[in-house]
**Student:** 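First the structure, then my questions, so here it is.
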Number of protein chains: 2
Amino acid sequence: MTDLELKKFKKVLKDENLRLTPQRVEVFREVCNSEEHREAEEIYLALRKKDLNVSRSTVYRTMDILYKYDLVERMDIGDGKWRYEHWLNCHHHDHLICIRCGTIVEFTNTQIEEIQKDVAEKFNYQLVRHVHQLFGLCKQCRKMPISVN
Amino acid sequence: MTDLELKKFKKVLKDENLRLTPQRVEVFREVCNSEEHREAEEIYLALRKKDLNVSRSTVYRTMDILYKYDLVERMDIGDGKWRYEHWLNCHHHDHLICIRCGTIVEFTNTQIEEIQKDVAEKFNYQLVRHVHQLFGLCKQCRKMPISVN
DNA sequence: GTTCTTATTGAGATTGAATCTCAAATGAGA
DNA sequence: TCTCATTTGAGATTCAATCTCAATAAGAAC
């Protein structure tokens, strides 16, 4: 977690009349210090492992705040769980997801972004956000034979 | 439900050693005869309203079969519920979703499809499927003032 | 530093979509 | 018609996420 990140978090809490608690800081630190796309439960367990016992409720509540005030990005790959990634200083991107091993890689494509705008305009929709996920087999998984189990 | 649709459904059941039951036929008919993107629960309630009392379990189980054997398409807009749409004789399409009223319209764009293939290739992913959803305000909802409730 | 008010925390209960269990019912091949 | 594996229905269960509420603690005012 950089000083800038902590500063931004503190600013959000202040601006929104939310209190700066050690639990909130630990959750935010945990998110900032990982490049993965993790579920709330994983963040909760990671904190426990470090003997930072923040309750499950508080982790969920803090993730809600971080998402609401745009300090993290979140994605849903269709398994009923939100996955979070730290977002500050990053740019918008979409995802390639391996359906076998779960590896998630990020991509950006300005051409697609442009066409999306055209499509929304054509249908008279005011575009707010989008979800674009490519599911497939990653380089490693393509090579492996299909398991019968 | 067209004869062709019923025939295809019967073929799938036969091929997969699944039995042709009145409940399964009613669920499939209900899905075929609607152009909406509906949840399992909505399909269940629609059947009840018509005094076709198929249990909730059977509706869920039948939707699983229809999806597995490609007789329906399903989508997840991030609210934890699968939405189904009848699929036979339709082509692949993506969705524009109004974040206020929930209206879903379909779009296709061959250019985006092409770029997707390039992106997957660039990352050495074997593309299997994709999710592309544009969220925004539809023509009607753009005009309405934001409610404070 | 002390006091006071109000937000926050944690533990466990609750929700809701989806899945599972198992006894009773029923397709469909012989 | 008989037989038997499959399917159904009702209710229990799962799991992520949210809610409840008493105890705790942040932080503004002094």
Side-chain angles (χ1 to χ4, degrees), chain A residues 6 9-31 37-48 50-69 71-72 74-84 102, chain B residues 6 9-31 37-48 50-69 71-72 74-84 102:
Chain A
L6 184 57
F9 185 39
K10 285 185 179 174
K11 179 170 162 39
V12 166
L13 293 176
K14 185 123 207 159
D15 290 353
E16 300 299 329
N17 279 307
L18 297 168
R19 291 182 182 167
L20 181 71
T21 68
Q23 290 92 335
R24 284 178 176 164
V25 173
E26 288 310 331
V27 171
F28 185 55
R29 188 199 310 282
E30 183 58 37
V31 174
H37 300 73
R38 291 190 298 178
E39 306 153 27
E41 183 70 15
E42 290 177 317
I43 294 162
Y44 165 68
L45 291 174
L47 287 168
R48 277 187 66 121
K50 295 174 184 166
D51 275 318
L52 299 163
N53 289 305
V54 180
S55 76
R56 196 176 263 109
S57 303
T58 298
V59 172
Y60 276 98
R61 282 186 288 228
T62 305
M63 295 317 298
D64 287 347
I65 293 170
L66 295 178
Y67 175 67
K68 185 172 179 188
Y69 299 110
L71 296 166
V72 299
R74 97 186 167 176
M75 64 183 293
D76 158 29
I77 62 169
D79 64 352
K81 291 177 275 188
W82 288 112
R83 267 157 237 271
Y84 297 91
Chain B
L6 185 55
F9 185 38
K10 284 184 178 174
K11 180 169 162 38
V12 164
L13 294 176
K14 185 126 209 157
D15 290 352
E16 302 298 329
N17 280 309
L18 297 168
R19 291 184 181 164
L20 181 71
T21 68
Q23 290 92 334
R24 284 177 175 165
V25 173
E26 288 311 332
V27 171
F28 185 56
R29 188 200 310 282
E30 183 59 36
V31 174
H37 300 74
R38 291 190 297 178
E39 307 153 28
E41 182 70 16
E42 289 177 318
I43 295 163
Y44 165 70
L45 291 174
L47 287 167
R48 279 187 65 124
K50 294 174 185 168
D51 274 317
L52 299 164
N53 288 306
V54 180
S55 76
R56 197 176 262 110
S57 303
T58 299
V59 173
Y60 276 99
R61 282 186 289 230
T62 305
M63 295 317 298
D64 286 346
I65 294 170
L66 296 178
Y67 176 67
K68 185 172 179 186
Y69 299 111
L71 296 165
V72 300
R74 98 186 166 174
M75 65 183 292
D76 159 28
I77 61 170
D79 64 353
K81 292 176 274 189
W82 289 112
R83 267 155 238 270
Y84 297 91

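First the proteins, then the strands, lettered A, B, ... as listed; each starts at 1. The basis for the numbers below is simple: all heavy atoms, side chains too, and nothing from hydrogens, waters or symmetry mates.
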**Student:** So which heavy atom on A:D76 is nearest to which on A:D79, and how close?
**Tutor:**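 Looks like OD1-N, 4.1 Å.
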**Student:** Atom CD of B:E42 to atom P of C:dA18: distance rounded to whole Å?
**Tutor:**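 Value for this atom pair: 11 Å.
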**Student:** Looking only at the side chain of A:K14 (C-beta and beyond, no hydrogens), which of the listed nucleotides D:dA10, D:dT18, D:dA28 gets closest?
**Tutor:**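 Of all the options, the side chain of A:K14 is nearest to D:dA28.
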**Student:** Inspect the contact between A:K11 and A:D15 and indicate whether a charged nitrogen and a carboxylate oxygen are less than 4.0 angstrom apart.
**Tutor:**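 Result for this pair is yes, salt bridge flagged.
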**Student:** Quick one: which of D:dA5, D:dT18, C:dA18 gets closest to the side chain of B:R19?
**Tutor:**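 Side chain of B:R19 sits closest to D:dA5.
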**Student:** Between B:F9 and B:L71, what is the shortest heavy-atom contact and its length?
**Tutor:**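 For B:F9 and B:L71, the tightest heavy-atom pair comes out as CD1-CD1, 3.5 Å.
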**Student:** Without decimals, in angstroms, what is the distance between A:E26 CD and C:dT8 C1'?
**Tutor:**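 Rounded to whole Å, this separation is 16 Å.
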**Student:** In whole angstrom, give the distance that lies between atom CG of A:D79 and atom P of D:dC15.
**Tutor:**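 It is 13 Å, rounded to the nearest whole Å.
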**Student:** Check the phosphate of D:dG9 against B:Q23, side-chain N and O only, distance under 4.0 Å to OP1 or OP2. Yes or no?
**Tutor:**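 Yes, because at least one side-chain N or O of B:Q23 sits under 4.0 Å from OP1 or OP2 of D:dG9.
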**Student:** Over how many whole Å does the gap from A:Y60 atom OH to D:dC19 atom C1' extend?
**Tutor:**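 Spelled out: OH on A:Y60 to C1' on D:dC19 is 14 Å.
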**Student:** In whole angstroms, how far is the C1' atom of C:dT19 from the OH atom of B:Y44?
**Tutor:**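 B:Y44 atom OH is separated from C:dT19 atom C1' by 16 Å.
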**Student:** Looking only at side-chain atoms of B:V54, point me to the closest of D:dT7, D:dG9, C:dA18.
**Tutor:**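 That would be D:dG9.
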**Student:** Between B:G80 and A:P22, just flag the one whose closest nucleotide in DNA chain C comes earlier from the 5' side.
**Tutor:**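 Its nearest nucleotide lies further toward 5', so the answer is A:P22.
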**Student:** Counting side-chain heavy atoms from C-beta on, which of C:dG10, D:dG9, D:dA17 comes nearest to B:S55?
**Tutor:**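 Of all the options, the side chain of B:S55 is nearest to D:dG9.
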**Student:** In whole Å, what is the span from the OH atom of B:Y84 to the P atom of C:dA17?
**Tutor:**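 My rounded result for the distance is 13 Å.
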**Student:** I'd like to know if A:R38 and A:E30 make a salt bridge, using a cut-off of under 4.0 Å between side-chain N and carboxylate O.
**Tutor:**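 A salt bridge links A:R38 with A:E30.
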**Student:** For B:L18 and for B:A40, find the nucleotide of DNA chain C with the closest heavy atom, then tell me which residue's nucleotide is more 5'.
**Tutor:**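 With B:L18 and B:A40 compared, the 5'-side residue is B:A40.
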**Student:** Of the candidate nucleotides D:dA26, C:dC20, D:dT8, which contains the atom at the shortest distance from the side chain of B:S57?
**Tutor:**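 Nearest listed nucleotide: C:dC20.
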**Student:** Looking at D:dA17, C:dT9, D:dT8, which one has an atom nearest to any side-chain atom of A:T58?
**Tutor:**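 The closest nucleotide is C:dT9.
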**Student:** In whole Å, I'd like the distance from the CD atom of B:E16 to the C1' atom of D:dA5.
**Tutor:**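 So the CD-C1' distance, B:E16 to D:dA5, works out to 17 Å.
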**Student:** Please check the phosphate of D:dT18 (OP1 and OP2 only) for any side-chain N or O of A:R56 closer than 4.0 Å.
**Tutor:**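 Checking D:dT18 against A:R56, no side-chain N or O comes under 4.0 Å of OP1 or OP2.
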**Student:** Base of C:dA7, side chain of A:T21 - is there a donor-acceptor contact under 3.5 Å?
**Tutor:**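 Looking at the base of C:dA7, it does not pair with any donor or acceptor on the side chain of A:T21 (distance under 3.5 Å).
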**Student:** Of the options A:R56, A:R48, A:R83, A:K81, which is the one that meets A:E41 in a salt bridge (charged side-chain N to carboxylate O under 4.0 Å, His left out)?
**Tutor:**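 For A:E41, the salt bridge (charged side-chain N to carboxylate O under 4.0 Å, His left out) test succeeds with only one of A:R56, A:R48, A:R83, A:K81, which is A:R56.
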**Student:** Could you check how far CZ of B:R61 sits from P of D:dA10, rounded to whole Å?
**Tutor:**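 That distance rounds to 11 Å.
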